[in-house]
Amino acid sequence: MRASKQLFLLGALSALSAAATAADSGAGKVDTSQWKCESCKFEQGVSGTLDLGVGNVSQKSSKFGEYNGLDKSGGFLIGDGAVRARGEDGTYWNLNASNLGLHTRYLDAEGGKQGSYKLLFKYDEVLHSLSDSARTPYAGIGGSSLTLPAGFPAATTAAMPLAGTLQQVDLGTQRKRLGVGASWAPVSDWEYAVNFREESREGTKRTAGAFFINSAQLVEPVDFHTNQVDASASYTGAKWQAKLAYYGSALRNGNDSLSWQNPYTFLPAFPGAASGQLALPPDNQFHQVLASAGYQFSERTRASADIAAGRMTQNDNFLPFGTAVAGPGGSLNGRAVTLDANLKLSSAVTDRLRLNAAYIYNDRDNQTPQALYAMVSTDMFPGAPRMNLPYSFTLEKFKLSAEFKAWAGTKLYAGADSEARKRTFQEVDRSREDTVWGKITSRVMDKADLSLKFVHAERRNSGYQVVPGITPPENPLLRKYNVASRTRETVAVRADISLAENVNLGLGVDMSDDDYQDSSIGLLSGRDINVNGDLSLAFTADTSLHLFANHQEIKSRQAGSQSFTTADWTGENKDKIDFVGIGLKHVAIKDKLDFGADYSTTRSTGEISVLTGASTPGFPNLSTTLDSLKLYATYRLKDNWSLQASYWYERYDSKNWMLDGVVPNTIPNVLTLGEQAPRYSVNVLRLALRYKF
């Protein structure tokens, strides 16, 4: 290939030389006015695609439509598009839209002039559907006060008049986000930018409240509004690059608390037990200033650095302890200061060796004042005063790595990371984790790419302690998994093989093993094994097939103590996930009709076993099955008109002993929402007309 390019270049230079000689001599003059560059495509004018059609969903399911906006049954509109415009003077604009007929939709526009200015507009909505099987007797859903109908309170859930008072409630949130921005380059090498975003999140979600030994699942209102702004000034020179930026965010919650009536009979001696109150997330702000710079020492060596200083504040007034119990008054005056820094250096020392180094620093200094606060348990019982614990931490991380071209087709990689953490008001003051890793990649006879990676990591701490002030106190033998001493071994093997010109096979295995060797109560060990493979076949230029499969097993073992001493029970979790998929693409009529199909199936099981020394029955297994089939086709009516059709069938079935058969009054002292493990069988049809211009 290189030789042919050199011959072509020499030929072209010879032709140009001959043409120039002829032009100088006045003989054989060549007219170049009609010459065109056939391979140089500069789009100008307006182009794009527009899709308009209808679709239908056969069944209502919050699980199926959890994020895609297809949670309701019935018809919906299809509206998608992508439009581009280019001017001869460098002006441009782009417009993209998708799912305009759904509650999960997206629209963005960008325009300006190359090298001069840019304008941005973005709008999107995301529907997060949580549940369509919840039922509750409470009125006022979506508001900050939940009330009960006549017939309450009662001694137990069985005595409550639920048959005539339960009402269906759909749980979920709708997020809407609007953003506008602009950037401009008034002088060479400099660019300024400013962006504004406004986001709202409204809806409902699950929560719970308690009165002594009785509790109830509740519906919490969601009414968040966030305003964000970021502004920056950037310089890009031949060797230097620098940026100064500001980011600010302010969140406002439309509800500061949720109150609810007690559905259980209570003694008159506890007037605060008539109704309860939960605090909701408070208003807060975050501001940050960022400075970054990069310098190109040479073609081989580059360094970059950035530092960011931030401040978080929360100053809402304290709520009363309960609906009938006064609060402490005042506010938390919460504040935390953050400092983040990153330094990076990369250098190609030789043509075969590249070295990389990085230093990362993260500090969160919680400056919230400490004070003693009176306690009221479940809106009924006063408790001993407690002092708040403003957690802080500092992280320092060093990373070194090298890449070496050992021989043709083979590269060696190696690295070492060291991470040190400091904490306050936590069980471990200091911990350090050191990691070493190596990797080799090699191409064998242009037929196979092989890679092998090994990682060894050890985390040690300065000693485990019980944090004073936590009530009830923790078992001194407990070791929390995120700070406990741990050894981790990871091995990954991957092979990509070209069996034939039109057949490619990929195989991979990843294994990870965690050992918490110093823990006697808490997480003791964990193991994750992942085996995957994929196969692609190109039968002809018009037909291709791909297959993929994955098997994963996740195991963990833990120990606990019911007697607040040494371990007297152990538990083991074992999850298995199997996934298989196949896809086909085929051009039935060239430039006229093409279609495809994708099918996938997933099976997962979860086993929980607990050994207490007593002959108690075990937990039933958890299971999930998911089958999905997608068919799609495109038929070109004319050069710029086409008809698009698709069919999507998906079946989901799950078994969860924690939900199945548990209705609102199944547990005498817990009024539940009665949600069941999700199951659905949904068909989605789409038919749209596409116009291309």
*asked:* Give me the atom names and distance for the closest heavy-atom approach of N99 to D80.
replied: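 So the two residues come closest at N-OD1, 2.6 Å.
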Do [Y] and [X] meet the salt-bridge criterion of a basic N to acidic O distance under 4.0 Å?
{"X": "R252", "Y": "D283", "value": "no"}
{"X": "E433", "Y": "R486", "value": "yes"}
{"X": "E199", "Y": "R197", "value": "no"}
{"X": "D170", "Y": "K72", "value": "yes"}

*Is the distance between the ring centroids of Y391 and F425 under 6.0 Å?*
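Not under 6.0 Å, so no.
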*Hey, would you say the Y123 and Y106 ring centroids sit under 6.0 Å apart?*
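No: the rings miss the under 6.0 Å criterion.
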*Check the pair K176 / D124 against salt bridge (charged side-chain N to carboxylate O under 4.0 Å, His left out), numbers first and verdict last.*
CA-CA 6 Å; K176 299 180 180 179; D124 69 85; over 6 Å; no
*Can you spot which of E125, E202, H128 makes a side-chain hydrogen bond (donor to acceptor under 3.5 Å, both in side chains) with Q174?*
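Result for side-chain hydrogen bond (donor to acceptor under 3.5 Å, both in side chains) with Q174: E125.
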*Using the side-chain hydrogen bond (donor to acceptor under 3.5 Å, both in side chains) rule, collect all pairs that involve residues 474-484, keeping only residues at least two apart or in two chains.*
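As it turns out, the side-chain hydrogen bond (donor to acceptor under 3.5 Å, both in side chains) pairs with a partner in residues 474-484, which skip direct neighbours, are E427-K480, E474-K480.
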*Can you run down the side-chain hydrogen bond (donor to acceptor under 3.5 Å, both in side chains) pairs that involve residues 136-146, sequence neighbours left out, and say none if there aren't any?*
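Listed once each, the pairs would be none.
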*Between T313 and N315, do the side chains contain an N or O donor and an N or O acceptor separated by less than 3.5 Å?*
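Note: T313 and N315 side chains miss the donor-acceptor criterion.
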_All pairs passing salt bridge (charged side-chain N to carboxylate O under 4.0 Å, His left out) where residues 254-280 contributes a residue, at least two apart_ =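 Checked against salt bridge (charged side-chain N to carboxylate O under 4.0 Å, His left out) - neighbours excluded - no pair reaches residues 254-280.
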*Sequence neighbours excluded, which residues qualify as ring pair (Phe, Tyr, Trp, His ring centres under 6.0 Å) partners of F121?*
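So F121 forms no ring pair (Phe, Tyr, Trp, His ring centres under 6.0 Å) with any residue.
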*Run the ring-ring contact (aromatic ring centres under 6.0 Å, His included) check on F266 and F212 step by step: do they pass?*
CA-CA 10 Å; F266 56 91; F212 192 36; over 10 Å; no
*Does A233 have any side-chain contact (heavy atoms from CB on, under 4.5 Å) partners at least two apart in sequence or in another chain, and if so, which?*
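Only Y192 meet the side-chain contact (heavy atoms from CB on, under 4.5 Å) criterion with A233.
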*For Q59, what residues pass the side-chain contact (heavy atoms from CB on, under 4.5 Å) criterion, not counting sequence neighbours?*
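In terms of side-chain contact (heavy atoms from CB on, under 4.5 Å), with neighbours along the sequence ignored, Q59 is linked to Y680, S681, V682.
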_Residue K122 excluded, over 12 heavy atoms near NZ under 6.0 Å_ =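 Counting neighbours around NZ of K122, 12 or fewer heavy atoms of other residues, nucleotides or ligands fall under 6.0 Å, so no.
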